[in-house]
**Q** 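First the structure, which I've put down as structure tokens, then a few questions once you've had a look.
No hydrogens, no waters, no symmetry mates; every other heavy atom, side chains included, goes into these values. So you know, we letter chains A, B, ... as the sequences are listed, proteins then strands, and number each from 1.
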Number of protein chains: 2
Amino acid sequence: MKTPLKIGELATHCGVALETIRYYEKIGLLPLPHRAANGYRVYGTAHIEQLAFIRHCRALDMPLSDIAALQQFADEPSGDCGEIDSLIETHLARVHERLASLQNLERQLLNLRAACTSGRCVQECGILHELTAAAQGDGCVCHSQTPVSN
Amino acid sequence: MKTPLKIGELATHCGVALETIRYYEKIGLLPLPHRAANGYRVYGTAHIEQLAFIRHCRALDMPLSDIAALQQFADEPSGDCGEIDSLIETHLARVHERLASLQNLERQLLNLRAACTSGRCVQECGILHELTAAAQGDGCVCHSQTPVSN
DNA sequence: AAAAACCCTATAGCCACTTTAGGGTCAAGC
DNA sequence: GCTTGACCCTAAAGTGGCTATAGGGTTTTT
């Protein structure tokens with residue numbers, strides 16, 4: 001891996017859009033890079049590692065605020081690990097909850113799809129009937145036991 | 001169900017935040033209500049049903065643009081039902097994809113959590129080690145085969 | 001020397017809301 | 001009749017995590 005890198009090279013290397021890098025810099029998630037004489041950003045090994053860390057955490061769908069917190073912890077190696085654990089725990093709970101609600105959602109949509117096959121006109125479309133009836137609280141194939149939470 | 005309703009009553013009845021109702025109105029998803037002499041919004045049965053329909057679709061996580069399209073279809077009952085079907089189909093595919101990526105995510109986070117139990121100091125925290133190592137592309141317990149797509 | 005590829009800043013847009021600021025109106029109790 | 005509190009109004013800004021656009025400058029390739 002050759003260093004230093006220009007922003008476009010860093011972007012390609014880490015599989016990130018280049019505007020995203022500037023965005024991370026703007027919100028203070030990435031430290032300010034050096035600048036070449038022409039004003040171009042210049043990145044070294046530390047930046048590469050840090051961006052890779054951020055992207056890996058994002059691939060785990062962690063919010064940027066969690067990632068910032070993790071970086072803080074990493075900078076104070078003598079602190080207690082418990083907060084890291086609970087951060088992951090909380091995130092896991094979030095994911096788990098979202099997963100359950102998506103599974104419920106999928107089931108409802110499958111039922112909904114089964115209510116109609118195309119070729120008919122809108123008036124007799126089972127899907128619209130189901131959706132309207134459900135909104136009215138009548139019985140229908142797509143029961144909405146668990147409301148979706150975002 | 002008594003009518004007419006003021007905005008707060010409609011909100012309570014449909015389980016929606018009152019600002020959300022005004023927002024739906026502003027973007028043209030809900031038609032303009034009548035106004036009382038004092039300028040207050042006044043809603044009737046049609047509005048209640050329409051809002052309930054919107055919320056039910058939102059509970060199925062449909063984007064507002066899909067919901068607007070469905071309402072369009074409902075207003076032209078002689079049209080072909082096929083577009084409704086494919087709208088649901090597309091949405092189902094979205095949900096299914098997100099579901100798969102969340103399942104993968106959960107697995108990775110479980111592995112990550114297993115890498116550390118609290119009581120240690122940050123320096124020897126398995127979670128941070130895993131996250132950093134993974135970012136570097138080394139082998140680690142939380143393999144990232146499928147990137148998360150939003 | 002010209003064209004393409006890269007870099008810069010600042011600002012606006014995306015989704016679906018939520019929050020804030022700064023008011024007006026109305027019913028109940030003192 | 002006057003205050004208190006619950007309700008209503010508008011307009012604008014903020015949220016998260018980017019993405020896109022406008023309007024430039026620089027560097028590399030042809």
**Q** If I take atom CD1 in residue I21(A) and atom P in nucleotide dG17(D), what distance separates them, rounded to the nearest angstrom?
**A**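 After rounding, the reported distance stands at 17 Å.
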**Q** Please check if atom CD in Q71(B) has more than 12 non-hydrogen atoms from other residues, nucleotides or ligands closer than 6.0 Å.
**A**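 Above 12, so yes.
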**Q** Assess whether one donor atom and one acceptor atom, taken from the side chain of Y23(A) and the base of dG16(D), lie less than 3.5 Å apart.
**A**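 No such pair is found, so the answer is no.
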**Q** Need one value for R41(B): base, sugar-phosphate or nothing, where a base atom within 4.0 Å counts as base even if backbone is also close, heavy atoms only.
**A**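 Counting heavy atoms under 4.0 Å across all strands, the contact made by R41(B) is with sugar-phosphate only.
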**Q** For R58(B) and dC17(C), is the shortest distance between a side-chain N/O and OP1 or OP2 below 4.0 Å?
**A**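 The answer is yes; a side-chain N or O of R58(B) sits under 4.0 Å from OP1 or OP2.
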**Q** For the pair made of CZ in R35(A) and C1' in dT9(C), what is the distance, rounded to whole Å?
**A**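 Value for this atom pair: 9 Å.
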**Q** By nearest heavy atom, map Y40(A) and R55(B) onto DNA chain C; which one lands nearer the 5' end?
**A**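 Of the two residues, Y40(A) wins.
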**Q** Are any non-hydrogen side-chain atoms of Y43(B) and I7(B) less than 4.5 angstrom apart?
**A**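 Yes, side chains in contact.
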**Q** Remember a base hit wins even if backbone is also touched, and classify I7(B) as base, sugar-phosphate or nothing at under 4.0 Å, heavy atoms.
**A**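 If one applies the 4.0 Å heavy-atom cut-off, I7(B) turns out to touch the sugar-phosphate alone, with no base involved.
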**Q** Answer yes or no: is there a side-chain heavy-atom contact under 4.5 Å between D66(B) and T90(B)?
**A**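 D66(B) does not reach T90(B) side chain to side chain.
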**Q** CD1 of I54(A) versus P of dG16(D): gap in Å, rounded?
**A**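 From I54(A) CD1 to dG16(D) P: 16 Å.
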**Q** On DNA chain C, check which nucleotide each of S65(B) and E19(B) is closest to and give me the residue with the more 5' one.
**A**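 Residue closer to the 5' terminus by nearest nucleotide: S65(B).
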**Q** Starting at CG of L32(B) and ending at P of dT10(D), how long is that distance when rounded to a whole Å?
**A**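 So the two atoms are 10 Å apart, to the nearest Å.
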**Q** Looking at E76(B), I want to see if its CD is surrounded by more than 12 non-hydrogen atoms of other residues, nucleotides or ligands under 6.0 Å.
**A**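 No - once you tally the heavy atoms of other residues, nucleotides and ligands closer than 6.0 Å, there are 12 at most.
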**Q** Could you tell me whether L18(A) contacts a base, only the sugar-phosphate backbone, or nothing, with contacts defined as non-hydrogen atoms closer than 4.0 Å?
**A**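 It contacts sugar-phosphate atoms only.
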**Q** Heavy atoms only: give me the nearest E25(B)-P33(B) pair and the separation to one decimal.
**A**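 Heavy atoms of E25(B) and P33(B) come nearest at OE1-CD, 3.5 Å.
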**Q** Does any N or O donor sit under 3.5 Å from an N or O acceptor when you compare the side chain of Y24(A) with the base of dG17(D)?
**A**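 There is none.
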**Q** On DNA chain D, does the nearest nucleotide to K6(A) precede the nearest nucleotide to T20(A) from the 5' side, or the other way round? Give the residue.
**A**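 With K6(A) and T20(A) compared, the 5'-side residue is T20(A).
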**Q** Figure out the NZ/P separation between K26(A) and dG16(D), and round it to whole Å.
**A**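 From K26(A) NZ to dG16(D) P: 13 Å.
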**Q** Examine dC26(C): is either OP1 or OP2 under 4.0 Å from a nitrogen or oxygen in the side chain of N38(B)? Give yes or no.
**A**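 So the side-chain polar atoms of N38(B) do come within 4.0 Å of the phosphate oxygens OP1 or OP2 of dC26(C), strictly under.
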**Q** Figure out the CZ/C1' separation between R94(B) and dC15(C), and round it to whole Å.
**A**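 Value for this atom pair: 12 Å.
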**Q** Give the rounded distance in Å between these two atoms: CZ of R22(A) and C1' of dC8(C).
**A**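 R22(A) atom CZ is separated from dC8(C) atom C1' by 7 Å.
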**Q** Please give, in whole Å, the distance from dT9(C) P to E25(A) CD?
**A**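 About 7 Å, once rounded to whole Å.
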